[in-house]
S.K.: 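Here it is, the structure in full.
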Amino acid sequence: MRIFDPHIHMSSRTTDDYEAMYAAGVRALVEPAFWLGQPRTSVGSYTDYFDALIGWERFRAAQFGIRHHCTIALNPKEANDPRCREVLDVLPRYLAKDGVVAVGEVGYDSMTKEEDEVFARQLAMALDHDLPVMVHTPHRDKLEGTKRTLDVVREAGIAPERVIVDHLNEVTVKLVKDSGAWMGFSIYPDTKMDEHRMVEILRQYGLEKMIVNSAADWGRSDPLKTAKTGQAMLDGGFTDADVDKVLWQNPVAFYDQSGRLTLDPLPGFTGEAETFEGNSVLRGARK
């Protein structure tokens, strides 16, 4: 089983997690910029964080055979803090960096006027930089937030196939599927979505544009939930090819729209190189 985790916050995780992820089949991931739990009060705290995402964390992941990419944005929760608004002015120089494969996480937390403004401005940046977009749907009033998200995306003029709408559930999946956007599901121990519910959603709605992630962070979460979802799919009658489509081919296809994915073997790791849409894919073990 090869796995691309398209949404995981490895800055919050340990090297033990990297080792376990590699053993489970994770060979690449995307780390979206997000809220750290403690409010940030200046632009400098953001630039330090962004620098770590494009530098240190990529290096750290590589020590364990995993290709690290990231998305950059002012997240929805902190969009409401006027002290953070200047972050928007520094985003363009980060969106031009290697390894940045989308604008995100953007979207809604409390669906405020401030969030509307920050969301729209960052969608414009995605168009300017020819990058896809990762959208965070709110934890409260998710259906209304998802509807509003799709309206704003349409107004921005971004093609739906360049947008992934994340943290979906049974209530919101059809809405996003009908829009033509990619559908993201965060598999958690207690909240959001679990692997068994995910299998039923895949059975009902099919595999096209379906993205499964762990969204593991500093809270109670599990960086192996992608692998556990793959096993649940197999136990539920899906094939190895089906699992590969959901856990590898789909996230690669979405983020490859950035033109910045790097999936070739890392030094110190060996394996058979396969090809998916022009990208070399690592499959193998450490020397």
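Basis for what follows: all heavy atoms, side chains included, without hydrogens, waters or symmetry-related copies.
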S.K.: If you look at every heavy atom in E115 and D109, which pair is closest and at what distance?
M.R.: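 Closest approach of E115 to D109: OE1-N, 2.8 Å.
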
S.K.: Please report the shortest heavy-atom distance between A126 and V133, naming the atom on each side.
M.R.: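 Reported closest heavy-atom pair: CB-CG2, 3.4 Å.
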
S.K.: Just how far is it from atom CG of N80 to atom CD of E114, taken to the nearest 0.5 Å?
M.R.: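 N80 atom CG to E114 atom CD measures 5.5 Å (nearest 0.5 Å).
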
S.K.: Check whether the side chains of K142 and T172 place a donor and an acceptor atom closer than 3.5 Å, and report yes or no.
M.R.: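 Result is no, nothing qualifies.
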
S.K.: What distance do E31 atom CD and E57 atom CD have between them, rounded to the nearest 0.5 Å?
M.R.: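 It comes to 5.0 Å.
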
S.K.: Under a 3.5 Å distance rule, please check whether R203 uses its side chain to pair with a backbone N or O of G236 as donor and acceptor.
M.R.: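 Yes: the side chain of R203 pairs with the backbone of G236.
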
S.K.: Could you pull out all residues at least two apart from Y18 that satisfy ring-ring contact (aromatic ring centres under 6.0 Å, His included)?
M.R.: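 In terms of ring-ring contact (aromatic ring centres under 6.0 Å, His included), with neighbours along the sequence ignored, Y18 is linked to F64.
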
S.K.: Would you compute the distance between atom CE of M210 and atom CG of L168 and round it to the nearest 0.5 angstrom?
M.R.: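 Answer rounded to 0.5 Å: 8.5 Å.
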
S.K.: What do the steps show when you test V30 against C70 for side-chain contact (heavy atoms from CB on, under 4.5 Å), and what is the final call?
M.R.: CA-CA 5 Å; V30 169; C70 68; 5.6 Å; no

S.K.: According to the interplanar angle, ranging from 0 to 90°, do the rings of H9 and H7 count as parallel (below 30°), tilted (30 to 60°) or perpendicular (above 60°)?
M.R.: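 Perpendicular: the ring planes of H9 and H7 meet at over 60°.
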
S.K.: Among all residues two or more places apart in sequence or in another chain, which pass the side-chain contact (heavy atoms from CB on, under 4.5 Å) test with K228?
M.R.: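 If we apply the side-chain contact (heavy atoms from CB on, under 4.5 Å) test to K228, skipping adjacent residues, the hits are E195, D222, L224, K225.
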
S.K.: Could you tell me whether R121 and E117 make a salt bridge, using a distance below 4.0 angstrom between a side-chain N and a carboxylate O?
M.R.: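 Looking at E117 together with R121, the answer is no, because their closest N to O distance does not fall below 4.0 Å.
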
S.K.: Kindly determine whether H69 and L29 satisfy side-chain contact (heavy atoms from CB on, under 4.5 Å), including the steps that lead there.
M.R.: CA-CA 6 Å; H69 310 82; L29 61 84; over 6 Å; no

S.K.: Check whether any side-chain heavy atom of L127 sits under 4.5 Å from a side-chain heavy atom of L123, and report yes or no.
M.R.: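 No, their side chains stay 4.5 Å or more apart.
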
S.K.: Donor-acceptor check, side chain of T149 to backbone of K147, threshold 3.5 angstrom: yes or no?
M.R.: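 It does not hold such a pair.
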
S.K.: Within the structure provided, determine whether D244 and M1 are in side-chain contact (heavy-atom separation under 4.5 Å).
M.R.: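 A side-chain contact is absent here, since even the closest heavy-atom pair is not under 4.5 Å.
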
S.K.: So, R13 side chain and D217 main chain: donor-acceptor pair closer than 3.5 Å or not?
M.R.: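 At least one qualifying donor-acceptor pair exists.
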
S.K.: Of all residues at least two apart in sequence or in a different chain, which pass the ring-ring contact (aromatic ring centres under 6.0 Å, His included) check with F119?
M.R.: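 Only Y108 meet the ring-ring contact (aromatic ring centres under 6.0 Å, His included) criterion with F119.
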
S.K.: Would a hydrophobic clustering, with Ile, Leu, Val, Met, Phe, Trp and Tyr connected at side-chain separations under 4.5 Å, put M183 with Y188?
M.R.: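 Not linked; separate clusters.
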
S.K.: Any sub-3.5 Å donor-acceptor pair from D242's side-chain atoms to T239's backbone N or O?
M.R.: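 Between the backbone of T239 and the side chain of D242 there is a qualifying donor-acceptor contact (under 3.5 Å).
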
S.K.: Determine, for R162 against D130, whether the closest basic-nitrogen to carboxylate-oxygen distance falls under 4.0 angstrom.
M.R.: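 Looking at D130 together with R162, the answer is yes, because their closest N to O distance falls below 4.0 Å.
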
S.K.: Can you see which heavy atom on R67 is nearest to which on T262, and at what distance?
M.R.: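 Smallest interatomic distance, heavy atoms only, reads CG-O, 3.3 Å.
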
S.K.: Under 4.0 Å between a Lys/Arg side-chain N and an Asp/Glu carboxylate O for E78 and R83?
M.R.: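 No, no charged N to carboxylate O under 4.0 Å.
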
S.K.: Just wondering, do M193 and S186 contact through their side chains at under 4.5 Å, heavy atoms?
M.R.: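 In short, these two side chains do not touch, never coming nearer than 4.5 Å.
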
S.K.: Check whether more than 12 heavy atoms from other residues, nucleotides or ligands sit under 6.0 Å from atom CD of E86, and answer yes or no.
M.R.: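 Not more than 12 within 6.0 Å, no.
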
S.K.: Side-chain contact, heavy-atom cut-off 4.5 Å: L131 with M125?
M.R.: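 L131 does not reach M125 side chain to side chain.
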
S.K.: If we ignore hydrogens and angles and just use 3.5 Å, is the side chain of D17 paired with the main-chain N or O of T14 as donor and acceptor?
M.R.: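 Yes.
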
S.K.: Going from CG on L150 to CZ on R154, what distance comes out if it is rounded to the nearest 0.5 angstrom?
M.R.: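 Here the rounded value is 5.5 Å.
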
S.K.: May I ask you to decide whether D98 forms a salt bridge with R260, counting only side-chain N to carboxylate O separations under 4.0 Å?
M.R.: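 Not counted as a salt bridge, because no side-chain N and carboxylate O are separated by less than 4.0 Å.
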
S.K.: Flag the pair M10 / I66 as yes when at least one side-chain heavy-atom distance between them is below 4.5 Å, and no otherwise.
M.R.: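 They are not in side-chain contact.
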
S.K.: More than 12 heavy atoms of other residues, nucleotides or ligands under 6.0 Å from NZ of K177: is that the case?
M.R.: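 Enclosed.
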
S.K.: Can you name the closest pair of heavy atoms from Y255 and P6 and give their distance?
M.R.: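 Shortest heavy-atom contact: OH-O, 2.9 Å.
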
S.K.: Could you go step by step and tell me if T146 and V171 meet the side-chain contact (heavy atoms from CB on, under 4.5 Å) rule?
M.R.: CA-CA 10 Å; T146 302; V171 176; over 6 Å; no

S.K.: Is a donor on one side and an acceptor on the other found under 3.5 Å between the side chain of R140 and the backbone of G145?
M.R.: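 Here the side-chain-to-backbone pair does not exist.
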
S.K.: Considering only heavy atoms from C-beta outward, does the side chain of S12 approach that of F34 to under 4.5 Å?
M.R.: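 Contact flag for S12/F34 side chains = yes.
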
S.K.: Looking at Y205 and V173, would you say the former's side chain and the latter's main chain have a donor-acceptor pair under 3.5 Å?
M.R.: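 No; zero donor-acceptor contacts below 3.5 Å.
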
S.K.: Between R27 and F4, is NZ or CZ placed under 6.0 angstrom from the six-membered ring centre and within 45° of the ring axis?
M.R.: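 Verdict for F4: no cation-pi partner in R27.
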
S.K.: Applying the 4.5 Å side-chain criterion to the ILVMFWY set and letting contacts propagate, would L266 and W56 be lumped into a single cluster?
M.R.: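 They do not share one cluster, since no chain of ILVMFWY contacts under 4.5 Å joins L266 to W56.
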
S.K.: Nearest 0.5 angstrom please: T41 OG1 to Y46 OH, how far?
M.R.: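 Rounded to the nearest 0.5 Å, the OG1-OH separation comes out at 9.5 Å.
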
S.K.: Are the side chains of N250 and W182 in touch, meaning some heavy atoms are under 4.5 Å apart?
M.R.: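 Answer yes - side chains close enough.
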
S.K.: Less than 4.0 Å between a side-chain N and a carboxylate O, is that true for E161 and K209?
M.R.: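 Judged by the 4.0 Å cut-off on N to carboxylate O distance, K209 and E161 do not form a salt bridge.
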
S.K.: How long is the straight-line distance from OG of S221 back to CD1 of I8, given to the nearest 0.5 Å?
M.R.: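 The CD1 atom of I8 sits 7.5 Å away from the OG atom of S221.
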
S.K.: Under 3.5 Å, is there a donor on one side chain and an acceptor on the other for N75 and H136?
M.R.: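 No donor-acceptor contact under 3.5 Å links the two side chains.
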
S.K.: So, the side chain of Q122 versus the backbone of V106: is there a donor-acceptor pair under 3.5 Å, distance only?
M.R.: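 Not confirmed, Q122 side chain does not pair with V106 backbone.
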
S.K.: Are the side chain of H167 and the backbone of F185 linked by a donor-acceptor contact shorter than 3.5 Å?
M.R.: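 Pair absent, no side-chain N/O of H167 close to backbone of F185.
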
S.K.: Can you see which heavy atom on P32 is nearest to which on M134, and at what distance?
M.R.: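 Distance-wise, the nearest heavy atoms are CG-SD, 3.5 Å.
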
S.K.: Which atoms form the tightest heavy-atom contact between A181 and V163, and what is the distance?
M.R.: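 So the two residues come closest at CB-O, 3.6 Å.
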
S.K.: Is the shortest side-chain heavy-atom distance between E105 and D166 below 4.5 Å?
M.R.: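 No, every pair of side-chain atoms sits at 4.5 Å or beyond.
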
S.K.: Are the side chain of D5 and the backbone of N213 linked by a donor-acceptor contact shorter than 3.5 Å?
M.R.: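 Checked: no pair found.
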
S.K.: What do the steps show when you test W248 against V243 for side-chain contact (heavy atoms from CB on, under 4.5 Å), and what is the final call?
M.R.: CA-CA 8 Å; W248 185 271; V243 172; over 6 Å; no

